[in-house]
Amino acid sequence: MRAALVQLNVTDLPEENLPVTLSLIDRAVAGGAEFVLTPEVTNCISTDRAHQRAVLRHEEDDPTLAALRTRAREHGIWLLIGSLALLTHDPDGRFANRSFLITPEGEIAARYDKIHMFDVQVSETEVYRESSGYRPGEQAEVVSTPFGVIGLSICYDLRFPYLYRALAKAGADILTVPAAFNTTTGAAHWEPLLRARAIETGCFVLAPAQTGTHVERKGPGRKTYGHGLVIAPWGEVLADAGTEPGVMLIDLDLAEVRKARARVPSLDHDRAFAGP
């Protein structure tokens, strides 16, 4: 199975980002991809909540989602929309950070709302409060496809290994980790955490990423780490997208999942314990 990771450098205007995303999906398909993945917040990166409220849409009205579903149908591919920032009908007005798996018929096979919110102070000047604008999800998701079972996650979820163990024990062969990692934590933790999740579960890990300095009309602008990665079930880095926007193609042999788990069957070795 040939997969393609799309690496983006989006702005805070969804209508500006969509043509770029569509062109990169077209390039991935021209390269033979059957499964294409885009990163977190494919439609819009913004640090200004008022601007987000002005440009984001509800799922049922979102033009990015509609166009990507159409493109998946036109090409007959599976498409993971890493996530879209969307308006919700929640009373507190917070947004959703929602991943979509789209079928070759353009249907939504699964939705996943990011469970873990990135509320951290990386340094005195670098502070993130994702939960101030986004409400967390509550439901983990796995989806069966013709090429394997996919377990969905988004970005900061990566730091919570119990989620990935649960996905693997529910049947996942492939874990998706679309992200917009910042440059500080990306340089320190992105690759080792992705490799750990693959090793712990015996899954392929596909992690498409945002990259570079993101233009914002409102707000100071964000920088993201890039380096979309594909990790094998034994923990090897199979492909690294570097720091430029573009498309990275990779051929996956799902037999490697069975081989890795046969060598170290840790998913079958859980034991109950007391304490601490």
Student: Test your reading of the model: is there a side-chain donor-acceptor pair from Arg195 to the backbone of Val237, 3.5 Å cut-off?
Tutor: no
Student: Mind checking whether Ile77 and Leu101 sit in one hydrophobic cluster, side chains of I, L, V, M, F, W, Y counted as touching below 4.5 Å?
Tutor: no
Student: State, with a plain yes or no, whether a side-chain heavy atom of Asn9 is found less than 4.5 Å away from one of His214.
Tutor: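 In short, these two side chains touch, coming nearer than 4.5 Å.
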Student: Can you classify the ring geometry of Phe147 versus Phe35 as parallel (below 30°), tilted (30 to 60°) or perpendicular (above 60°)?
Tutor: tilted
Student: Would you mind checking if Arg2 and Asp251 are paired as a salt bridge, meaning a charged N to carboxylate O distance below 4.0 Å?
Tutor: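 Looking at Asp251 and Arg2, the cut-off is met.
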Student: Can you give me the closest heavy-atom contact between Ala260 and Pro233, atom names plus distance?
Tutor: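 Distance-wise, the nearest heavy atoms are CB-CB, 3.6 Å.
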Student: Look at the side-chain heavy atoms of Ile, Leu, Val, Met, Phe, Trp and Tyr, link any pair under 4.5 Å apart, and say whether Val177 and Leu8 land in one connected group.
Tutor: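 No; tracing contacts between hydrophobic side chains, which count when under 4.5 Å, never links both residues.
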Student: Is there side-chain contact between Ser131 and Arg94, with heavy atoms separated by less than 4.5 Å?
Tutor: yes
Student: Hey, are the side chains of Thr176 and Leu37 touching, using non-hydrogen atoms and a 4.5 Å cut-off?
Tutor: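 A side-chain contact under 4.5 Å exists here.
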Student: For residues His51 and Asp12, report the shortest heavy-atom separation together with the two atoms involved.
Tutor: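 In terms of heavy atoms, the two residues are closest at NE2-O, 2.8 Å.
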Student: Indicate if Val247 and Met1 have the same hydrophobic cluster label, given that clusters are the connected sets of ILVMFWY residues with side-chain heavy-atom separations under 4.5 angstrom.
Tutor: no
Student: Any side-chain to backbone donor/acceptor pair from Glu16 onto Thr11? Under 3.5 Å, distance only.
Tutor: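 Flag not set: sc Glu16 to bb Thr11 has no pair under 3.5 Å.
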Student: Check whether any side-chain heavy atom of Pro136 lies under 4.5 Å from a side-chain heavy atom of His116, and answer yes or no.
Tutor: no
Student: Does the plane of the ring in Tyr156 sit parallel, tilted or perpendicular to the ring in Phe160? Use 30° and 60° as the thresholds.
Tutor: perpendicular
Student: Could you please spell out the steps behind the side chain to side chain contact (heavy atoms under 4.5 Å, CB included) verdict for Leu56 and Cys44?
Tutor: CA-CA 8 Å; Leu56 298 184; Cys44 177; 4.1 Å; yes
Student: Does Glu59 use its side chain to pair, donor to acceptor, with the backbone of Leu65 at less than 3.5 Å?
Tutor: no
Student: Mind listing the closest non-hydrogen atom pair of Met248 and Gly228 along with its distance?
Tutor: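 Closest approach of Met248 to Gly228: CE-O, 3.4 Å.
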Student: Salt-bridge test for Asp113 and Arg135: reply yes if a basic N is under 4.0 Å from a carboxylate O, no otherwise.
Tutor: yes
Student: Between the main-chain N or O of Phe118 and the side-chain N or O of Glu130, is there a donor-acceptor pair closer than 3.5 Å?
Tutor: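 Checking the backbone N and O of Phe118 against the side chain of Glu130, a donor-acceptor pair under 3.5 Å is found.
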Student: Looking at Arg71 and Asp26, does any basic side-chain N land under 4.0 Å from a carboxylate oxygen?
Tutor: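 Yes, charged N to carboxylate O under 4.0 Å.
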Student: Taking Ile174 as the starting point, is it possible to reach Phe100 by hopping between hydrophobic residues whose side chains are less than 4.5 Å apart?
Tutor: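 No, Phe100 does not connect to Ile174 through the hydrophobic network.
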Student: Between Leu80 and Leu152, does the side chain to side chain contact (heavy atoms under 4.5 Å, CB included) criterion hold? Intermediate values first, please.
Tutor: CA-CA 9 Å; Leu80 180 86; Leu152 305 181; 3.7 Å; yes
Student: Report yes or no: does Ser99 contribute a side-chain atom to a donor-acceptor pair with the main-chain N or O of Gly82 at less than 3.5 Å?
Tutor: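 Confirmed, Ser99 side chain pairs with Gly82 backbone.
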Student: So, do His89 and His58 sit near enough that their side-chain heavy atoms are less than 4.5 Å apart?
Tutor: yes
Student: Taking all non-hydrogen atoms of both residues, which atom of Lys114 and which atom of Asp157 are closest, and how far apart?
Tutor: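 Closest approach of Lys114 to Asp157, heavy atoms only: CG-OD2, 4.2 Å.
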Student: How far apart are the closest heavy atoms of Ala33 and Ala3, and which atoms are they?
Tutor: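 So the minimum-distance heavy-atom pair works out to CB-C, 4.3 Å.
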Student: Are side-chain heavy atoms of Tyr225 and Thr211 found at a separation under 4.5 Å?
Tutor: no
Student: One thing to verify: whether Glu107 and Arg73 come together as a salt bridge, which I'm taking to mean a side-chain N less than 4.0 angstrom from a carboxylate O.
Tutor: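 A salt bridge is absent here (no side-chain N lies under 4.0 Å from a carboxylate O).
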Student: Report the C-alpha distance between Glu40 and Phe181 in whole Å, list the side-chain angles of each, state the deciding distance to 0.1 Å, and finish with yes or no for side chain to side chain contact (heavy atoms under 4.5 Å, CB included).
Tutor: CA-CA 9 Å; Glu40 183 181 22; Phe181 248 62; over 6 Å; no
Student: Please check: side-chain N/O of Ser83 versus main-chain N/O of Pro39, any donor-acceptor pairing under 3.5 Å?
Tutor: no
Student: Below 4.5 Å, heavy atoms only, C-beta onward: do Arg222 and Glu216 meet side chain to side chain?
Tutor: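 Yes. Closest side-chain heavy atoms under 4.5 Å.
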Student: If only atom types and distance count, is the side chain of Arg57 paired as donor or acceptor with the main-chain N or O of Leu86 below 3.5 Å?
Tutor: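 No: the side chain of Arg57 does not pair with the backbone of Leu86.
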Student: Answer with yes or no whether the hydrophobic clustering places Val41 together with Leu79; edges join I, L, V, M, F, W, Y residues whose side-chain heavy atoms lie under 4.5 Å apart.
Tutor: yes
Student: Where is the tightest heavy-atom contact between Asp270 and Leu267, given as atom of each residue plus distance?
Tutor: OD2-O, 3.5 Å
Student: Which residues end up grouped with Val264 if you chain together Ile, Leu, Val, Met, Phe, Trp and Tyr wherever their side-chain heavy atoms are less than 4.5 Å apart?
Tutor: Trp234
Student: Should Leu163 and Leu158 be marked as a side chain to side chain contact (heavy atoms under 4.5 Å, CB included) after you check the CA-CA gap, both sets of side-chain angles, and the distance that decides it?
Tutor: CA-CA 8 Å; Leu163 172 60; Leu158 180 59; over 6 Å; no
